[in-house]
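Report on the structure given below.
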Amino acid sequence: MSPTARDDATRVVLDAPQIQRALARIAHEIVERNKGVEGLGIVGIRSRGDLIARRLQHEIARLEGESVPIGAIDVTLYRDDISRGADHHLVQITEIPWEVDGRTVLLVDDVLFTGRTTRAALDALMDFGRPRAIQLAVLVDRGHRELPIRADYVGKNLPTQRAEEVLVRLSESDGVDEVAIRPAGPRIAAVPGPGGESKQTARTTRARRA
Amino acid sequence: MSERTVPSAGRSEPPLLVAGGTLVDPVARRTRRADLLVRDGVIAAIEAGISEQLPRRGASTIHRIDATGLLVMPGFVDIHVHLREPGFEYKETIATGTRAAVAGGVTSVACMANTRPVNDSPAVTRFILERAHAAALAKVFPVGAVSLGLAGEQLAPFAGMYDSGIVAVSDDGMPVMDAELMRRALECAKMFGMPVIDHAEDRALVAGGVMHEGAVSLRLGLRGIPAAAEDVMVARDIALAGLTGGHLHVAHISSAGSVRMVRMARAAGIRITAEVSPHHLWLTDEAVTDYRTNAKMAPPLRTEDDRQALLEGLADGTIDCIATDHAPHHKDEKDVEFDCAANGVIGLETLLPLVLRLVEHGVLDLPTAIAKISSEPAAILGLPLGTLEVGRAADLAIVDPQREWTVDPSQTFSKSKNTPFEGWKMRGRAVYTMVDGRTVHEERPAGTHAKAGEAEREARP
Amino acid sequence: MLFARPHLLGLEGLTAPEIDFLLDSAESFKEVSEREIKKVPALRGRTVVNLFYEASTRTRTSFEIAAKRLSADTINLSASASSAAKGETLTDTARNLAAMRPDAIVVRHPSSGAPDLLARHVDCPIINAGDGAHEHPTQALLDLLTIRERKGRIAGLTVAIVGDVLHSRVARSNLFGLRTMGAKVRFVGPPTLVPPGFSELGAEIVWDLHEGLKDVDVVMMLRIQRERMNGRYFSSLDEYSRLYCLSADAVARAREDVIILHPGPMNRGVEISSTVADGPYSVIMDQVTNGVAVRMAVLYVLVGRRKAEAESETVDSEGGAPVALAAASPRRAATGE
């Protein structure tokens, strides 16, 4: 059972087994496209992209018997839309404990939306060195891109309305594996529960100025 | 000591009847319902029912003030005021300072000598009196300097200044550090029956301090002034008063230790009097929190224990009177780093409600509280003022004790705005102030505050 | 995880969660300084003014590096170079600076409370880099961070602060911060420099160094100002160091795993012996590193927020629901309006 209270309109689009299958498929595609895992490194975007990255690492290890080096980045400092306010979240540590130079870096996030997070992550990665290539894997692509960015590996393409909200919950942080869509509408500012809310709802939207 | 004679304006004005009020008599220490008749600038009669004896109509030559629900008090006597003129007219002038005084019900002020030039000569004394005469508001009694230029080295000419009109001597603002000079000042002032007003702070112990030394100064990282800085001076000057038989008046007493010593000295028969300021009665060093420079003064605001000792000293008579130490400063001298800010606060316009608050808090009864700002301070300077007696000058404060108002620095009559009581809800206000029977201030209903000058023209009852 | 205050004037009055938030942020920022490219674009286009009325190469440099690593532009104004020498008041200087629209002013001033005064006159964040004998909050934060890293906690520790506490803003900020975080604070020094009134602020007061160090987890040495040892507060520097120089002997009274902090610069042989300064307990270099991280965190939290407030407050994160109108509006250039 989800630890988070949910209104009736919220609809689950991926459940735990579906998420698991999507990640297994992505792992296959990664290995196939890169002809193995030689020179590969995985970097997850905090928060939740890093959790998915760890699962992909695990899936790849099951296929190849080899543990691909993994890292995590917090792109907050690179965003073009940082929202600092009373409700801002902590800047988390970035750790990529291996040389980025010359590697193929697999960037992992949970949801691909406007592309701005990916843009920030690309900038951040470049500050760590010069990767041979960067590939992007996401669990969900919900469309509405604002930048010329596309994912190399997609768990599920999810047509959404722009104002809808995509909620990704993972057992590591939220106690349950699921992806859900919540329709637009007035919301109460979410207070992260003990298990944490997904990052989308932990932030408040405000329309103070048009 | 003989009382000084105070010249009255002596104008010929129609008689004035203050009818239906409650008279507060600070000498008899009681209140009573009575009418009060003013004729030729003096109190001509105090009786119940004068109003019935006088014809209501046709008596066009009698002005009448309906004082129903109001308190009729002697005009207040504030023996510690800085009028800043000559020399610091950007802070205050004799005209604006006395305007502020009458707005607060204060009809007589003694003004300190730390002007520029210092009031250490008959010429400066005369200048002050001339300016006060021209302003024609509150009565002004200059205090002469103890030492030439307040330098603490040579005595100022007491005799010449006395003849010109000083009522006391003081280097207020600058403590007399030389004990021998203080001794001589007490001896010489005694010849004229004048007190030496003592700004009791040992400058070596002040040592550049800017607030009271204690937990708050340590917390704020501001250099502290120990209460002992005052105590050692009071102790020294009590010894000198004992030695000389002179009249020592301790200005703005602020520490529990000083109160104790004054009490003991008086019991020992030493001629000593003391005053306390309203801010030391109502504020503590906590008011300095956030580096509010309007809480910076010398001596500094002290602790709650000191404050309680002051209230106790006031109640048991150790402290004779309340004086404002009205010390106007320009905004530019206060809107600076705390270390650099000028010492002092204005007080004339907030004196009355802060004294009435003592009554509200049960520290003093009403007549005694009023005595502390009328008959008692007048007696210290030997002035025939501050009483409600037939034959005395009709200096009156007619007070609405229920009038509530909020201290708003932008509304002061004083040129300066440096009050630590900004935003305080006050109760009690002088609605008419009279000097020699002439109305010099009339308080109109809230929101239609008259400015100086304008009020003068419209203040006729 | 909140820090909603407009300024950082001191640690007094901050809550434990607020201090934790700044320390947690600082930990993340440490990593930036370990990168080859030690710069993130977070405060690109922001201007940070370092307004220093007292010479302080260390603190100023630390703030400058912190600002630069966040891509902010920095301007250094020192008292001699600014208008102070020409007699301009702090208030006027503040107004003039404010008219140039800086995004933060870092101020160091010899008068306690000067940052409070500035904060009343300008509308950008004020960061206190040391005011008189009042506070030096970023120094205390870096001390707290260093202690937390080395000890794994702050609550329950006993910290001895040794030296001229009376004139020390570092001591005050640490007192407030350490007490808020649950540590016990002991002030050690002669009564002229450690007046008993400090006990009312929650410090334990000990005059004897050996007794004062007994069983402490942390020793924080304060720098002795030579000019104060002029025969008024203490007879002489020699006399002072005879009683209060931190020797290996004295350190032996503390817990075995004691760490020793010093805000620098050190007077070797005066307040601290070289053996101790270079010894295994010394964490002085950690302090310097942590200083940059703490200042990055403070600048980021105060200035970054300002950026967001100046702009549309839409949050448009990946996957988040944008607000229809705001999402369509172009973001304004970062001019600090």
Side-chain angles (χ1 to χ4, degrees), chain A residues 45 49 74 76-95 109-118 120 123-124 126-129 138 140 142 144 146 161-168 182 184-185 187 192 198-201 203-210, chain C residues 1-5 20-32 34-45 69-71 293 296-297 300-332 334:
Chain A
I45 300 173
D74 184 313
T76 315
L77 300 172
Y78 290 83
R79 294 199 70 92
D80 60 356
D81 58 352
I82 45 174
S83 164
R84 307 292 110 208
D87 59 336
H88 72 169
H89 66 284
L90 188 66
V91 176
Q92 295 176 71
I93 199 153
T94 291
E95 41 192 352
D109 204 357
D110 55 352
V111 179
L112 179 57
F113 182 24
T114 61
R116 289 182 189 274
T117 300
T118 310
D123 280 356
M126 296 301 185
D127 278 357
F128 281 84
V138 297
V140 172
R142 61 166 294 194
H144 305 287
E146 292 170 3
Q161 294 189 11
R162 206 179 192 301
E164 282 175 332
E165 209 181 335
V166 175
L167 311 174
V168 175
R182 180 149 69 187
R187 273 180 294 150
S198 86
K199 72 180 174 188
Q200 295 92 330
T201 50
R203 298 181 189 169
T204 323
T205 48
R206 279 163 290 186
R208 201 174 67 173
R209 188 187 297 132
Chain C
M1 293 233 307
L2 299 177
F3 196 92
R5 293 169 194 263
D20 261 330
F21 178 72
L22 292 176
L23 297 182
D24 292 348
S25 300
E27 262 176 6
S28 301
F29 281 106
K30 271 185 88 164
E31 177 269 327
V32 174
E34 283 155 15
R35 298 181 190 174
E36 199 163 302
I37 296 175
K38 299 175 186 58
K39 204 176 185 98
V40 291
L43 298 185
R44 197 175 56 190
R69 287 189 181 163
L70 292 168
S71 301
M296 285 175 81
Y300 177 69
V301 165
L302 292 178
V303 181
R305 174 179 54 218
R306 188 174 154 74
K307 175 179 181 174
E309 282 167 0
E311 294 175 0
S312 157
E313 292 205 4
T314 315
V315 177
D316 184 12
S317 63
E318 295 288 280
V323 173
L325 285 171
S329 72
R331 289 177 196 288
R332 291 191 301 148

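Quick note on labels: first sequence line is chain A, next is B, and so on, each numbered from 1.
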Q.
What verdict does the side-chain contact (heavy atoms from CB on, under 4.5 Å) test give for A:Leu77 and C:Val32, after you've listed the backbone C-alpha separation in whole Å, the side-chain angles of each residue and the deciding distance to 0.1 Å?
A. CA-CA 10 Å; A:Leu77 300 172; C:Val32 174; 4.3 Å; yes

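Under the side-chain hydrogen bond (donor to acceptor under 3.5 Å, both in side chains) criterion, C:Arg35 pairs with A:Tyr78, C:Glu31, not counting sequence neighbours. Listed by chain and residue number, nothing satisfies the salt bridge (charged side-chain N to carboxylate O under 4.0 Å, His left out) test with A:Asp127 (two or more places apart in sequence, or in another chain).
Rounding to the nearest 0.5 angstrom, the gap separating the CD1 atom in A:Ile93 from the OG atom in C:Ser25 is 11.5 Å. Interatomic distance, CD of C:Glu27 versus CD of A:Gln92, reported as 12.0 Å (0.5 Å rounding). Distance check: A:Thr94 OG1 to C:Phe29 CZ gives 10.0 Å after rounding to the nearest 0.5 Å.
At a threshold of 4.5 Å between non-hydrogen side-chain atoms, the residues A:Phe128 and C:Ile37 do not count as touching.
For C:Lys39, the part sitting under 4.5 Å from any heavy atom of chain A is the backbone (N, CA, C, O) and nothing else.
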